[in-house]
Amino acid sequence: RALGRPAGPPSTRQLREAEEAAPVFQYAGKAARRKDRVFVWGFSHSGALGVPSFVKPDAGWKKPRRIQPTPYRLETEEKISSAACGYGFTLLASNTTDVTKVWGMGLNKDSQLGFQRSRRDQTKGYEYVLEPSPIPLPLEKPQQTRVMQVSCGRAHSLILTDSEGVFTLGNNSFGQCGRKVIEDEIYSESHLIHQLKEFDSRVVQVVCGQDHSLFRTKKGAVYACGWGADGQTGLGHYNITSVPTKLRGDIAGVNIVQVSSYGDCCLAVSDEGDVFGWGNSEYLQLASVTETTQVNVPRHLPFKIGKIKEAACGGTGNVVLTEEGNVFVWGYGILGKGPNLIETAVPEMIPPSLFGWSDSNPDLRVAHVRCGLSQFAALTNRGELFVWGKNLRGCLGTGRLEDQYFPWRV
Amino acid sequence: LNAAPRPPPRQQIRFLPTPAAGGGAVELVPTRVPVLADHPLVRGPRFKRLKIGAGHRLDVKASGVFVLGVGHGNKLLTDLYNCHLTKVYTVGGLFGKATEDFSDTGKLVEKTTFDHITREKLERILAVIQGTNQKALLMYSNIDMKTQEAYELAVKGLIRPMEKSPPIITAVRCLQFAPPEFQLEIHCLHETQQYLRKIIHEIGLELKSSAVCTQVRRTRDGVFTLDDALPRTQWDLQSIRDAIQNCQLKVKTELEKTL
């Protein structure tokens, strides 16, 4: 007779037992941490994004990608702690104690990435570097010194170390590298990297404008060198300076905790929350204190918007972040409050609801702000990035090529 | 309903012949008489059947606010649908399991560990979900980004797609987190409950583990909240009439605001 019964649908008890006997998979352990990643986007034709296949595709039928409109992950060997974008070139730095600490990619016509020996011809250097290549630094103790920060200007770069001062490379036609201007100097394929050590205390922040450099020291002083025709060196004259000189004016004696510059205007924030500005004011950046279009001495900007935590200068517009986490913009251009607000001399607040603040989300604050030449970016405490401004060649990273008139999440 | 007092019958004016006072000739005198066609014996019971329509769907495994329209209310239902208001759900989930239909009663697919999950990681995933849905919201609302009115609507948070669109989540919040269980509050548009269960499953995948959905409960549907909803014990005529009356004003203001 039929000894085996046909299998019917499994009863609840059978199901439960099968579930308990199922193997448990582990995909991530308890100590799993997120790997820090670098993302690049924007104009890639000069190799500044560090992905060689964008400029020279690996298959013959593929076309080179001129613009990368959305963030693209860049693989790096080390964990990158500081990055800076210049005019067609990028610097990445890691604070490791290994021998290679800084990588550069992009335009190298003024040796702003150091000397990159060409593999085809050993005597010549590369004019365009397509992938992150190490920059050799003349360090005394290469296995102890750490690189804290890098900064890029139009054609020069500054690298800040913790114990060996500041290294400058690139174009020096206006003294922005902190050394004497040599007439008819040829900057391409140059091996020269200058080291700056004479400051009143350790340098803790370096900032590059288009053709000038700013150094902030631990004692709260600011030094400047480079082009000064718009007063951006803040030294009281409109000539070039080839040796870093301390700034006076309204910031003499004030403990400055942050300096910022990108174009020809500069802003400094003190520990008490005041903001000082100098440089170009053609776009109403400093119009709250003066009618002149160039200011060559730091002036205090009497804004009544609360204690200021961070400031950032763009080419034509400026942005500050207050202690409460509000963002204020002023200047000229697409400021982030719709197409009707083109210019203002007095800071205007951007409504926090545009950054995701709402009744169900009241703890949202903006943590950092940064500027490009005509773009703004804000990072919130939830780790979201918002960008707005002119979208030149996909630099905003939104995936569209149109200008963005209010903050948009990337 | 039929036992309730009827409205008084219509009156009409008819000219009836009555003998004039003190005289013999018959005159036509206007008098009010009730219309016979409205008489209950002629008409019969007032309500033989009721038209009841349902608002947004709620499937068998979910619970919560379910909006019904009675009679003329069905037309208001269509108008409310065209307002495209957000709905709020409380969704409960469980880490460690993955099933075929994303709920805890389905066939088991895989079991995983979940001790590496912290509240901070969950919040980060929720922020990513909200951000991508924010972009979808702006795209499907078909507003030109370059205009001043787009900026003003974005500030107030009123940008919404006004036509058919795929499901969009406007806000997510973590209410409770006690691994392996967690509870989220989700504000969404044009969604189905199975989509919400799929979202829970995907959250589990993003956190390098797996998750199933244990509970989907709608706490708000446009203007109707849990306070307006009638529980099973109150499904009688009086409570229904009171509830309809309470909501009438709210519905009217919402419709006027949007349309």
Side-chain angles (χ1 to χ4, degrees), chain A residues 9-10 12 15-34 70 334-342 349-364 380-386 388 391 398-400 402-410, chain B residues 88 96-99 104-118 120-121 123-128 130-139 144-159 170-175 185-187 204-210:
Chain A
T12 328
L15 277 175
R16 202 164 22 97
E17 281 172 1
E19 251 187 51
E20 273 157 29
V24 180
F25 292 90
Q26 186 183 46
Y27 292 108
K30 222 168 165 179
R33 296 270 171 272
R34 269 185 89 184
T70 48
I334 301 180
L335 295 176
K337 290 190 73 157
N340 287 0
L341 188 69
I342 296 288
M349 185 166 96
I350 295 196
S353 56
L354 286 173
F355 295 113
W357 184 92
S358 63
D359 294 324
S360 57
N361 192 9
D363 297 327
L364 190 100
T380 63
N381 57 359
R382 293 220 311 194
E384 298 178 317
L385 177 67
F386 287 84
W388 66 99
N391 197 3
T398 53
R400 296 152 66 223
E402 294 135 18
D403 300 337
Q404 185 56 34
Y405 289 90
F406 56 88
W408 176 281
R409 192 186 177 276
V410 172
Chain B
V88 179
K97 250 170 58 160
T99 53
D104 51 349
T105 49
K107 188 167 151 216
L108 181 72
V109 167
E110 194 182 55
K111 283 206 313 197
T112 56
T113 59
F114 49 85
D115 47 0
H116 60 277
I117 302 179
T118 60
E120 191 214 307
K121 288 189 193 168
E123 307 246 325
R124 205 186 292 146
I125 301 288
L126 296 181
V128 170
Q130 227 175 322
T132 42
N133 277 277
Q134 181 83 5
K135 279 168 61 164
L137 195 68
L138 292 172
M139 257 174 28
D144 188 6
M145 287 298 138
K146 296 203 186 157
T147 55
Q148 182 68 13
E149 62 162 301
Y151 165 69
E152 315 236 307
L153 285 176
V155 171
K156 287 189 232 159
L158 287 180
I159 292 191
T170 50
V172 197
R173 203 161 57 112
C174 179
L175 293 174
E185 185 188 293
I186 305 184
H187 300 238
L205 289 180
E206 279 289 318
L207 287 166
K208 297 209 178 36
S209 174
S210 50

Residue selection (most heavy-atom pairs with chain A, distance under 4.5 Å) from B:Thr118, B:Ile117, B:Leu108:
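Answer, by heavy-atom pair count under 4.5 Å with chain A: B:Leu108.
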Name each donor-acceptor pair under 3.5 Å that joins a side chain in residues 20-27 of chain A to protein atoms two or more places apart or in another chain, with its distance.
| from | atom 1 | to | atom 2 | distance (Å) |
| --- | --- | --- | --- | --- |
| A:Tyr27 | OH | B:Glu110 | OE1 | 3.4 |
| A:Tyr27 | OH | B:Glu110 | OE2 | 2.6 |

Given side chains that start at C-beta, do those of A:Arg382 and B:Gln130 come closer than 4.5 Å, heavy atoms only?
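A:Arg382 reaches B:Gln130 side chain to side chain.
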Chain B: which of A:Pro339, A:Pro351, A:Gly383 shares the most heavy-atom pairs with it under 4.5 Å?
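Maximum pair count with chain B is reached by A:Pro339.
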Sequence neighbours left out, cut at 3.5 Å: what donor-acceptor pairs do the side chains of residues 144-156 of chain B make with other protein atoms?
| from | atom 1 | to | atom 2 | distance (Å) |
| --- | --- | --- | --- | --- |
| B:Asp144 | OD1 | B:Lys146 | N | 3.4 |
| B:Thr147 | OG1 | B:Asp144 | O | 3.0 |
| B:Thr147 | OG1 | B:Ala150 | N | 3.4 |
| B:Gln148 | OE1 | A:Asn340 | N | 3.1 |

Residue [X] versus chain A: region with a heavy atom under 4.5 Å:
X        : answer
B:Lys121 : side chain
B:Thr132 : backbone
B:Leu207 : neither

For B:Lys208, look at atom NZ and say whether over 12 heavy atoms of other residues, nucleotides or ligands are found less than 6.0 Å away.
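No.
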